[in-house]
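Everything below concerns the one structure shown next.
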There are 2 protein chains.
Amino acid sequence: MRVTIADVARIAGVSKTTVSRVLNTRGEVDHATRAHVREVIERLGYVPSSGAVGLARGSSRTVGMLVPSLTWPWMGEVLQGVVDTVEEAGFGLLLFTCNRGTDSVARFTSQVSARAFDGLVAVEPEDTLAMLAALHRRGLPVVLIDDRGRHPEFPHVTAANREGGAAAARHLLSLERHRPLVVAGPLRFGCVRDRLDGFGGVYAEDGHPLDPALVVESDFTEAGGGAAVRRLLGEGRTFDAVFAHNDLAAIGALAALRAAGLRVPEDVAVIGFDDIPMAGLTHPALTTVHQPMRKMGETAARMLLAQLTGEGLSGSSVALPTSVVVRQSTVGF
Amino acid sequence: MRVTIADVARIAGVSKTTVSRVLNTRGEVDHATRAHVREVIERLGYVPSSGAVGLARGSSRTVGMLVPSLTWPWMGEVLQGVVDTVEEAGFGLLLFTCNRGTDSVARFTSQVSARAFDGLVAVEPEDTLAMLAALHRRGLPVVLIDDRGRHPEFPHVTAANREGGAAAARHLLSLERHRPLVVAGPLRFGCVRDRLDGFGGVYAEDGHPLDPALVVESDFTEAGGGAAVRRLLGEGRTFDAVFAHNDLAAIGALAALRAAGLRVPEDVAVIGFDDIPMAGLTHPALTTVHQPMRKMGETAARMLLAQLTGEGLSGSSVALPTSVVVRQSTVGF
DNA sequence: CTGAAAGCGCTTACAG
DNA sequence: CTGAAAGCGCTTACAG
């Protein structure tokens, strides 16, 4: 049925060893022999069994990817970046999620022991950071994509959050907005503190230190962003801009401002963070700090592959630059 | 280093055969023996090597998934449905994309020959339908998730497009909208024709046959949806509703109507199709025909798994019911 | 109920 | 430059 290396060897009149050698372009093989074997391989449409190769070689040429959820707005971009890079290198990508609690985590770790993949790209592990650290200590190459700004003992890629916050501040200042409301994410996240620092630092330097009453913690959701704005307005606070720590919260803020009869951006300019696909489709379209999600995926994958193939001293971590995407929610028409 | 079945056998004082038997709960094993072996497995933290099992058994307990792109708005839901189902069954999920042309297709087909996975879930193959058909003919179990409404020779799951179109019509009619504009998708797609038929059928039955001038072909994009509305308005056409064949086009229509000074839903009600995540976040929030993307993923995965494990006569195809999600773009406040 | 042995399809020293 | 043989870690008739 299936064409095996033995078939190729027999038909080409050489040993399996020789076929293997031309397959892996390792060791010296006579030019004519190589050409002939190649021809037979081609003719038979022979492709080595990945299972057998993996078993014999002790590695699967497969990368694992663990994500908490596949339906988050920016996950598609990350995934695309990882898949493209991994495929390019001739590796496979085994996908796992850990959204069903202990159960899925257990299932996942057993896959690790099963040597189903050689290394792992993990995205923002919720409660699994300790587990990943343990796997890494036991020898599994791991690269983390972490928007939360934690800094584990193994390589990770993140966005330049502080710089992103600073850029948002500079953009608002260039529009003469001196009294911004900050709808922050959960303060336990390192990325949130970084965005806050970068933003506040620029305002302070410019002689407009943030009003502490205008820095509120929220939860990265649309509902949370809306609620924060409504609450502040209800307290009679005034502000001429909103810096939301992610786009969903910014979209919630947009709706709340509109409901309160405020015009965006005339009365209040709004800037988000992430640049998820729907940021360009809101009304008004949302100005935001772009996180290079796809590039983060590509980078993480490349770091992992470098580790697996032994080239390059991967070790280090990376923070990718962000950029402000200007749309109508800050500059009008 | 690695714990193998031989280690377990040695320490438990039994043969590898016996260990294998308790592992696979097949064949009769003495109760006490079984318990003892189980205990040793537990203690050693033994997990069978997936590669070796695959080689010996001739199957990998892995499912392949081929998608054209990971960044489409509804892809995350489909993927989540597939992954959940596949993981639940103890299978792995190998992810492939075919967005880089012939190159990635070639890479993918060689993975098929490599027996890296036992069966395939494919999403809306752009130009790869023929290739998939060939693989299927050669014996690869394939299930297609196809929103385009093609009906290949192998099992596929789709949404009930005709019924969805009819439901949209009934909803608009219940709101006394008798003169709808239809912003259709590309007419070469079966799903588009089905949505059109269902929609037009209900209107005709109700004594309000569609005005052919108000049925325009578009391209499923936001820009296309906006352009269609602008063009019709420019021609001086009047309509009291828009049925867009997907949400992106509906979002474009929303913006074009607003730009023209028309109120939604007072002057023109708008209904889309898909129910992508951002449908609930537009202003006004978009009424739309919900396609059960996650469920489509789950169903396709289940059909494939049934085929792989030999249970159930999978053969047939499935059309999953849609439902109208009513939001402000048709009913106001 | 249990085990020895062959086999899955490769790779890799080792020897020539 | 080339090949015979062992080995990767399992499963599965076959025999008892």
Side-chain angles (χ1 to χ4, degrees), chain A residues 1-38 40-41 44-62 90 92 110-118, chain B residues 1-38 40-41 44-62 90 92 110-118:
Chain A
M1 278 276 6
R2 172 185 174 74
V3 182
T4 73
I5 198 175
D7 300 324
V8 175
R10 185 167 31 77
I11 294 180
V14 298
S15 71
K16 295 189 296 175
T17 307
T18 297
V19 177
S20 176
R21 272 196 275 257
V22 349
L23 239 25
N24 302 292
T25 48
R26 82 177 349 139
E28 323 290 283
V29 181
D30 179 83
H31 206 74
T33 312
R34 175 190 311 277
H36 178 221
V37 171
R38 282 237 171 89
V40 173
I41 287 175
L44 266 46
Y46 167 68
V47 177
S49 148
S50 54
V53 175
L55 182 57
R57 247 203 298 246
S59 81
S60 56
R61 284 189 80 76
T62 296
S110 89
Q111 289 295 308
V112 177
S113 321
R115 299 284 158 110
F117 48 86
D118 303 335
Chain B
M1 277 278 4
R2 173 185 174 74
V3 182
T4 72
I5 197 174
D7 300 323
V8 175
R10 185 167 31 77
I11 294 181
V14 298
S15 72
K16 296 190 295 175
T17 308
T18 297
V19 177
S20 176
R21 272 195 275 254
V22 350
L23 240 25
N24 302 293
T25 48
R26 82 179 348 142
E28 323 290 285
V29 182
D30 178 82
H31 206 71
T33 312
R34 177 191 311 277
H36 180 221
V37 172
R38 282 236 172 90
V40 173
I41 288 175
L44 266 46
Y46 167 69
V47 177
S49 147
S50 54
V53 175
L55 182 57
R57 250 206 292 248
S59 80
S60 56
R61 283 189 81 75
T62 296
S110 89
Q111 290 295 309
V112 178
S113 321
R115 299 283 158 108
F117 49 87
D118 303 335

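Keep in mind that this is a model prediction, so the values were computed, not measured. To find a chain, count down the sequence lines: A is the first, B the second, and so on, and within it residues start at 1.
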Q: Using a 4.0 Å cut-off on protein heavy atoms (strictly under), produce a 5'-to-3' string for nucleotides 11-16 of chain C with B for base contact, S for backbone-only sugar-phosphate contact, and - for none.
A: SBB---
**Q.** Distance, rounded to the nearest Å, where B:I41 contributes CD1 and D:dC10 contributes P
**A.** 10 Å
Q) Would one find a side-chain N or O of B:S15 under 4.0 angstrom from OP1 or OP2 of C:dT2? A) no
Q: Check the distance between C:dC1's P and B:R34's CZ and give it to me in whole angstrom.
A: 9 Å
Q) Of A:A6 and B:V14, whose nearest nucleotide on DNA chain C comes first from the 5' end? A) B:V14
Q) Taking B:D118 for the side chain and B:S59 for the main chain, is one N or O donor matched with an acceptor at less than 3.5 Å? A) no
**Q.** Intra- and interstrand pairs of DNA chain D - dot-bracket, Watson-Crick/G-U under 3.5 Å, | marks other strand
**A.** |||.||||||||.|||
**Q.** CG on A:D7 to OH on A:Y46, rounded to 0.5 Å
**A.** 9.0 Å
**Q.** Side-chain donor-acceptor contact under 3.5 Å, B:T18 with B:S15
**A.** yes
Q: May I ask you to test the A:S20-A:I5 pair for a side-chain heavy-atom distance under 4.5 Å?
A: yes
Q. Between A:A9 and A:K16, what is the shortest heavy-atom contact and its length?
A. CB-N, 3.8 Å
(Q) How many whole angstroms separate atom CZ of B:R10 from atom P of C:dG3? (A) 15 Å
**Q.** Presence of B:T4 side-chain N/O under 4.0 Å of D:dG9 phosphate oxygens OP1/OP2
**A.** no
Q | Separation of atom CG in B:L55 from atom P in C:dA6, rounded to whole Å | A | 17 Å
**Q.** Inter-residue atom distance A:L55.CG - B:S50.OG, 0.5 Å rounding
**A.** 10.0 Å
Q: Figure out the CZ/P separation between B:R61 and C:dC8, and round it to whole Å.
A: 22 Å
Q.
Measuring to OP1 and OP2 of D:dC10, would you say a side-chain N or O of B:S49 lies under 4.0 angstrom away?
A. no
(Q) Has A:S113 got a side-chain atom pairing as donor or acceptor with A:Q111's backbone, closer than 3.5 angstrom? (A) no
Q | All side-chain contact (heavy atoms from CB on, under 4.5 Å) counterparts of A:S49, not counting sequence neighbours | A | A:R2, A:A52
Q. Are B:R38 and B:V22 side-chain neighbours, meaning at least one heavy-atom pair lies under 4.5 Å?
A. yes
